[in-house]
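So the structure is just underneath, and the comments pick up after that.
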2 protein chains.
Amino acid sequence: MAVHVLAVLAYKDGEAVTSTLLASSVNTNAVVIRRLLPLLQAAGLIETTKGAGSGSHLRKKPERIRLDSIYRAVETDEPFTAHSKTPNQACPVGYCIQSALDKVFSSAECAMQEELAKTTLADILKIVKASCSGSDKKRK
Amino acid sequence: MAVHVLAVLAYKDGEAVTSTLLASSVNTNAVVIRRLLPLLQAAGLIETTKGAGSGSHLRKKPERIRLDSIYRAVETDEPFTAHSKTPNQACPVGYCIQSALDKVFSSAECAMQEELAKTTLADILKIVKASCSGSDKKRK
DNA sequence: ACAACTGTAACCTTGAGAGTTACATATAAA
DNA sequence: TTTATATGTAACTCTCAAGGTTACAGTTGT
């Protein structure tokens, strides 16, 4: 959803876009978007102004926004969910399985982020523009 | 949880282990384990017998079980959840953002699996054994 | 026969994420 | 300065997946 929002902002190229408009593209409620914007602001990806005729716009060029930074801006917890209950500490496996897996999982997540870093918002935008070059129906 | 179960089976080295015992190590209900076992069977990782005095044991050597195969055996859906509602198709971004992201996300997941593939169950087992070499308290 | 297992159905519980309503606040423009 | 247009945020509800639980049918060694 975050990538979608940023893609719209990139598409609009600097123009101030309201949360209502973003919500209509994502097909969700404006409040859901407004909950997302502060995260993207904190990551320095967008800038948002208040008041009439305002909205959000990108703070960096799409070429300089990599998908891993979007991932980190938005994603709070690990992709691998830990046990809800802690394993049986009296069992030798239960005792140290978590720390053993933590290392493996965090390096797996790093690998995933490195792969995400290979794509920029500009790459996404290019695909979007290429796709609608034939049938250009822009609305709202 | 699947890795935990397999690690216990590796630790017990061929011995038939009951779902009740596995559950006590993971600290969960035996039924949860029994729901997991068929997935590991289907992936050819374990073998389970029925009846009195039976249980599960590994079908391959721990050295030959890589974590990515465990991941695929257990994980059904993608780590990146798709939009619950489809985006606004009238918006050029909404129209093709999903297919654009699908490609990026699946290659990111591939990268993650390749990283997981670098670790085998034997590696996990080694950590476990090293960890409890000092304070060996084996129970149940 | 019986006890020790797995398999599975049918439920409840929990937590995260999204969706919704309502309202306070900020601000450009009339 | 007033008003329409925005964001920010609290306080819910909805939904769904994962785990947890109970109960019981089926299987097999002893």
Handout entry: 5' priority, DNA chain D, between A:Thr18 and B:Asn29 [closest heavy atom]
Key =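 Result: A:Thr18.
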
Practice task
Would you kindly compare A:Val31 and A:Ala52 by the position of their nearest DNA chain D nucleotide and give the one closer to the 5′ end?
Solution key: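 Mapping each residue to its closest nucleotide by heavy atoms, the 5'-most match is A:Ala52.
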
Handout entry: Heavy-atom donor-acceptor pair, A:Asn88 side chain to A:Gly94 backbone, under 3.5 Å
Key =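 Checked: no pair found.
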
Exercise for the section: Could you tell me whether the side chain of B:Pro92 reaches within less than 4.5 Å of the side chain of A:Tyr11, counting heavy atoms only? Expected result: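 Contact flag for A:Tyr11/B:Pro92 side chains = yes.
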
Practice task
Decide yes or no for A:Pro62 and A:Thr120: does some side-chain heavy atom of the first lie under 4.5 Å from some side-chain heavy atom of the second?
Solution key: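 Answer no - side chains too far apart.
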
Practice task
Indicate, with a heavy-atom threshold strictly under 4.0 Å, whether B:Thr49 touches base, sugar-phosphate, or nothing.
Solution key: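 Contact class for B:Thr49: sugar-phosphate only.
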
Practice task
Give, for atom CG of A:Leu37 and atom OG of A:Ser56, the distance between the pair rounded to the nearest 0.5 Å.
Solution key: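 A:Leu37 CG to A:Ser56 OG: 4.5 Å, rounded to 0.5 Å.
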
Would you kindly give the [atom1]-to-[atom2] distance between [X] and [N], to the nearest whole Å?
| X | N | atom1 | atom2 | answer |
| --- | --- | --- | --- | --- |
| A:Arg35 | D:dC12 | CZ | P | 14 Å |
| A:Ile33 | D:dG8 | CD1 | C1' | 14 Å |
| A:Leu37 | D:dG8 | CG | P | 6 Å |
| B:Leu39 | D:dG19 | CG | P | 11 Å |
| B:Glu75 | D:dA17 | CD | P | 13 Å |

Problem - Boundaries of the DNA chain C segment in contact with chain B, non-hydrogen, under 4.0 Å - result: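 Both ends considered, the range comes out as C:dA4 to C:dG19.
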
Exercise for the section: Establish, with yes or no, whether the OP1 or OP2 oxygen of D:dT7 is under 4.0 angstrom from a side-chain nitrogen or oxygen of A:Gln41. Expected result: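 So the side chain of A:Gln41 is outside the cut-off, no N or O lying under 4.0 Å from OP1 or OP2 of D:dT7.
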
Problem - Phosphate OP1/OP2 of D:dT7 contacted by A:Thr48 side-chain N/O (<4.0 Å) - result: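 A:Thr48 to D:dT7 OP1/OP2: no side-chain N or O under 4.0 Å.
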
Problem - Closest to side chain of A:Arg34, choosing from D:dT22, D:dA18, D:dT7 - result: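 The answer is D:dT7, which lies nearest to the side chain.
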
Handout entry: Pair listing, side-chain hydrogen bond (donor to acceptor under 3.5 Å, both in side chains) test, anchored in residues 61-73 of chain B, at least two apart
Key =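 Only B:Asp68-B:Arg72, B:Tyr71-B:Glu109, B:Arg72-B:Gln113 qualify under side-chain hydrogen bond (donor to acceptor under 3.5 Å, both in side chains).
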
Problem - Any pair counted as side-chain hydrogen bond (donor to acceptor under 3.5 Å, both in side chains), so long as it reaches residues 33-47 of chain A, sequence neighbours left out - result: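 Listed by first then second residue: A:Ser19-A:Arg34, A:Gln41-A:Thr48.
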
Exercise for the section: Check the side chains of B:Asp102 and B:Ser99 for a donor-acceptor pair under 3.5 angstrom, ignoring hydrogens and angles. Expected result: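 Checked: B:Ser99/B:Asp102 side chains show no N/O donor-acceptor pair below 3.5 Å.
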
Practice task
Name the residue closer to the 5' end of DNA chain C, choosing between B:Gly51 and B:Lys85 according to the nucleotide with the nearest heavy atom.
Solution key: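 Taking each residue's closest nucleotide, the earlier one in sequence belongs to B:Gly51.
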
